[in-house]
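To keep things clear, I will list the structure first and then write my remarks on it.
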Amino acid sequence: MMMVQLGQCNGILGQYPKLSPLVRRRKERIQRSMSLQAQALPSRTQRIMESIAVEGEVGGAGGAYSYNALKRLDHIWSSICSTVTVSQEPQQVVSSIPGVTSHSDLTGKAVDKFDVVVCGGTLGIFIATALSAKGLQVGIVERNILKGREQEWNISRKELLELVDVGILEENDIEQTIAMNFNPNRCGFEDKGEIWVKDILNLGVSPVKLVEIMKKRFISLGGVIFEGCSVSSISIYEDASVLKLSEGNILSSRLVIDAMGNFSPVVKQIRRGRKPDGVCLVVGSCARGFKDNSTSDIIYSSSSVKKVGDSEAQYFWEAFPAGSGPLDRTTYMFTYVSPQPGSPKLEELLEDFWDLMPEYQGVSLDNLEILRVIYGIFPTYRDSPLPAAFDRILQFGDASGIQSPVSFGGFGSLTRHLGRLSAGVYEAINGDFLDASSLSLLNPYMPNLSASWLFQRAMSAKKNSNVPPEFINELLHVNFQSMQKLGDPVLRPFLQDVIQFGALSKTLGLVMITQPQIIPSIFKQVGIPVLLDWSSHFFMLGYYTFLSTYADPVIRY
């Protein structure tokens with residue numbers, strides 16, 4: 001009531017341009033008071049998050065759930081958006097030192113020696129265990145307690161069984177980690193029709209159970225974990241890498257694997273603080289109270305481009321049954337943006353989430369018990385994967401940028417590449433191929449990954465765009481409709497973030513034949529330079545496919 005009266009008073013005062021100094025000062029005090037009151041009122045997101053008990057935050061993407069952690073991440077995001085495009089000099093974590101360690105100041109100091117030290121344990125535990133199983137002495141440095149987050153990872157059974165093929169899990173271990181199994185899975189765009197598929201992202205895997213199993217296996221193989229420790233510096237000598245931890249430990253290793261994720265300090269140093277080329281912003285919740293809870297949404301859009309603050313955003317949804325209870329459901333809302341001043345903050349997206357999610361899911365927010373609030377920033381760079389920039393250091397997982405620019409989270413990408421990378425690292429250790437040039441062969445140019453950039457750009461809303469707000473949904477609907485007509489061998493790889501030359505060629509060809517009128521709008525949406533750049537990667541994807549199909553069998557024979 002007070003706010004209404006103040007607003008009315010402000011409106012009345014505003015009608016009189018000539019006011020006495022006393023009245024003017026009174027008006028200014030009222031306006032300041034109103035501004036302070038507005039700032040003091042907590043947002044709906046803050047009220048919801050502070051009403052939820054948070055037991056403890058863990059490492060890795062999506063491992064934090066508190067409101068304070070949300071504000072910290074929003075602060076990081078704001079600094080990314082405001083950063084100038086010229087190269088900057090971030091903290092120098094890695095330094096190259098001439099000579100060998102025996103001639104350094106380490107003589108006489110207690111040094112723990114390893115073949116490999118993995119920095120970052122949430123996803124790093126997988127390659128650490130794979131290398132330990134091959135007989136290498138491996139250590140892990142993790143700044144938190146090494147354990148998985150509460151929120152499930154969604155993956156298909158085929159991808160999960162890659163961990164069995166690598167030899168770090170047994171099939172009965174896999175069954176223990178599956179918290180939820182659901183089918184079918186929906187794709188749809190703003191009431192233009194729906195496509196239903198099976199066995200894609202249809203398993204909810206418990207990171208808590210999976211990481212705990214991996215942790216026990218790693219320790220049983222002789223692995224050592226430095227929990228609650230963070231890397232202070234890495235010195236590269238001719239014969240070893242020396243890591244100094246902030247807690248005082250000194251580790252010597254033939255190779256360092258950087259698995260510290262998207263915000264790795266080593267990656268920041270390599271990229272010299274450069275802005276990401278694109279970012280996927282993700283918010284969501286795990287809530288209890290969903291009665292119809294047997295299917296999932298892989299990608300769904302219920303509206304066109306929306307105005308968010310000073311920017312515009314196209315919202316997409318994912319939703320999965322959660323393993324914590326039969327009425328529990330995880331709902332993600334995500335959008336693709338270019339980092340620039342005025343880009344929406346995560347808290348702003350969450351405010352939209354509370355407004356839009358009930359209609360999308362067909363429930364009332366009042367009837368839901370919010371168990372967790374989820375949020376994340378997933379930056380991507382066009383020059384990915386990241387080649388090794390230093391001798392004896394290799395980026396792994398999200399730090400390497402090997403995940404698709406249209407996905408958020410690298411667990412599925414990790415399972416697809418783990419066998420190749422663990423075998424390659426073992427060979428590099430045994431052959432002493434630990435220079436930057438040799439290590440870069442493990443994170444090579446991948447034309448399928450580079451070709452994916454067109455999709456992120458096509459799904460990103462542009463301010464002052466010349467295309468109608470419903471165009472993104474129309475474009476996606478046309479493409480998915482074409483893939484459905486072409487069958488499962490075309491649709492399934494795309495939904496699993498695996499871009500194949502044959503499937504992509506067929507889809508584009510069918511779209512151009514059946515919907516030629518959409519082509520001019522594609523040029524407006526993504527831009528000529530982006531299309532020209534993409535064309536080169538598309539050509540290279542075809543070339544690599546030819547070599548893989550015809551040349552590789554001859555060479556291996």
Side-chain angles (χ1 to χ4, degrees), residues 42-58 60-70 73 147-155 175-186 188 200-212 281-302 315-334 346-376 408-409 411:
S43 67
R44 178 166 45 173
T45 296
Q46 181 177 353
R47 295 195 304 271
I48 290 174
M49 295 185 75
E50 290 182 346
S51 69
I52 303 170
V54 178
E55 296 181 357
E57 298 173 347
V58 301
Y65 306 112
S66 70
Y67 182 71
N68 287 336
L70 170 67
L73 193 56
K147 63 177 183 178
R149 68 180 195 181
E150 292 294 326
Q151 194 59 45
E152 286 111 7
W153 287 327
N154 294 107
I155 196 169
E175 298 305 322
Q176 292 179 39
T177 65
I178 296 175
M180 200 66 187
N181 190 338
F182 40 86
N183 264 315
N185 325 109
R186 180 176 66 160
I200 295 178
L201 298 178
N202 65 304
L203 299 182
V205 174
S206 167
V208 173
K209 293 180 181 178
L210 181 56
V211 172
E212 184 61 28
L281 300 178
V282 183
V283 298
S285 70
C286 181
R288 179 166 295 159
F290 294 90
K291 296 179 181 179
D292 184 12
N293 195 32
S294 60
T295 64
S296 74
D297 285 348
I298 297 176
I299 180 169
Y300 193 86
S301 175
S302 56
Y315 290 145
F316 299 100
W317 300 92
E318 278 193 1
F320 305 94
S324 51
L327 302 181
D328 298 357
R329 191 168 179 85
T330 299
T331 307
Y332 295 106
M333 187 182 80
F334 60 98
L346 291 171
E347 188 165 0
E348 289 179 306
L349 295 187
L350 277 166
E351 290 299 302
D352 277 353
F353 176 84
W354 306 123
D355 288 332
L356 300 173
M357 187 268 283
E359 181 180 354
Y360 156 61
Q361 292 281 259
V363 295
S364 169
L365 198 61
D366 294 335
N367 295 334
L368 296 178
E369 176 190 355
I370 308 298
L371 305 177
R372 283 183 296 279
V373 178
I374 308 159
Y375 47 87
F408 48 92
F411 181 56

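Residues: numbered from 1 along the sequence shown.
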Trp354 vs Ile48, side-chain contact (heavy atoms from CB on, under 4.5 Å): CA-CA, chis, key distance, verdict: CA-CA 10 Å; Trp354 306 123; Ile48 290 174; 3.6 Å; yes

Start with the C-alpha distance between Gln151 and Thr330, add both sets of side-chain angles, then the distance that settles side chain to side chain donor-acceptor pair (under 3.5 Å), and finish with yes or no. CA-CA 8 Å; Gln151 194 59 45; Thr330 299; 2.6 Å; yes

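Every ring-ring contact (aromatic ring centres under 6.0 Å, His included) that Tyr332 has, sequence neighbours left out, goes to Phe408. By the side-chain hydrogen bond (donor to acceptor under 3.5 Å, both in side chains) test, Asn68 pairs with no residue at all, sequence neighbours left out. Judged as a side chain to side chain contact (heavy atoms under 4.5 Å, CB included), and not counting sequence neighbours, the contacts of Val208 are Glu150, Ser206. With sequence neighbours excluded, no residue forms a salt bridge (Lys or Arg N to Asp or Glu O under 4.0 Å) with Arg372. Residues that satisfy the side chain to side chain contact (heavy atoms under 4.5 Å, CB included) test with Pro184, not counting sequence neighbours, are Trp196, Lys198, Thr295. The salt bridge (Lys or Arg N to Asp or Glu O under 4.0 Å) check on Glu347 picks up Lys71, with sequence neighbours excluded. Residues meeting the side chain to side chain contact (heavy atoms under 4.5 Å, CB included) test with Val211, sequence neighbours left out: Leu146, Trp153. Asp297 meets the salt bridge (Lys or Arg N to Asp or Glu O under 4.0 Å) test with Arg186; sequence neighbours excluded. Qualifying ring-ring contact (aromatic ring centres under 6.0 Å, His included) partners for Tyr360, counting only residues two or more places apart in sequence or in other chains: Tyr300, Trp317.
Sorted by first and then second residue, the salt bridge (Lys or Arg N to Asp or Glu O under 4.0 Å) pairs involving residues 354-365 (not counting sequence neighbours) are Arg44-Asp355. Sorted by first and then second residue, the salt bridge (Lys or Arg N to Asp or Glu O under 4.0 Å) pairs with a member in residues 202-212 form an empty list; sequence neighbours excluded.
Rounding to the nearest 0.5 angstrom, the gap separating the CG atom in Leu201 from the CD1 atom in Ile299 is 11.0 Å. Annotation: the span from Thr331 atom OG1 to Phe320 atom CZ amounts to 10.0 Å, rounded to 0.5 Å.
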Anything under 3.5 Å between a donor and an acceptor, one on a side chain of residues 362-369, the other on a protein residue two or more places apart or in another chain? List them.
{"residue": "Ser364", "atom": "OG", "partner": "Asp366", "partner atom": "N", "Å": "3.3"}

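Remark: the backbone N or O of Ser43 is not paired with any side-chain donor or acceptor of Glu351 at under 3.5 angstrom. Side-chain atoms of Asn293 come within 3.5 Å of backbone atoms of Pro326 as a donor-acceptor pair (strictly under, hydrogens ignored).
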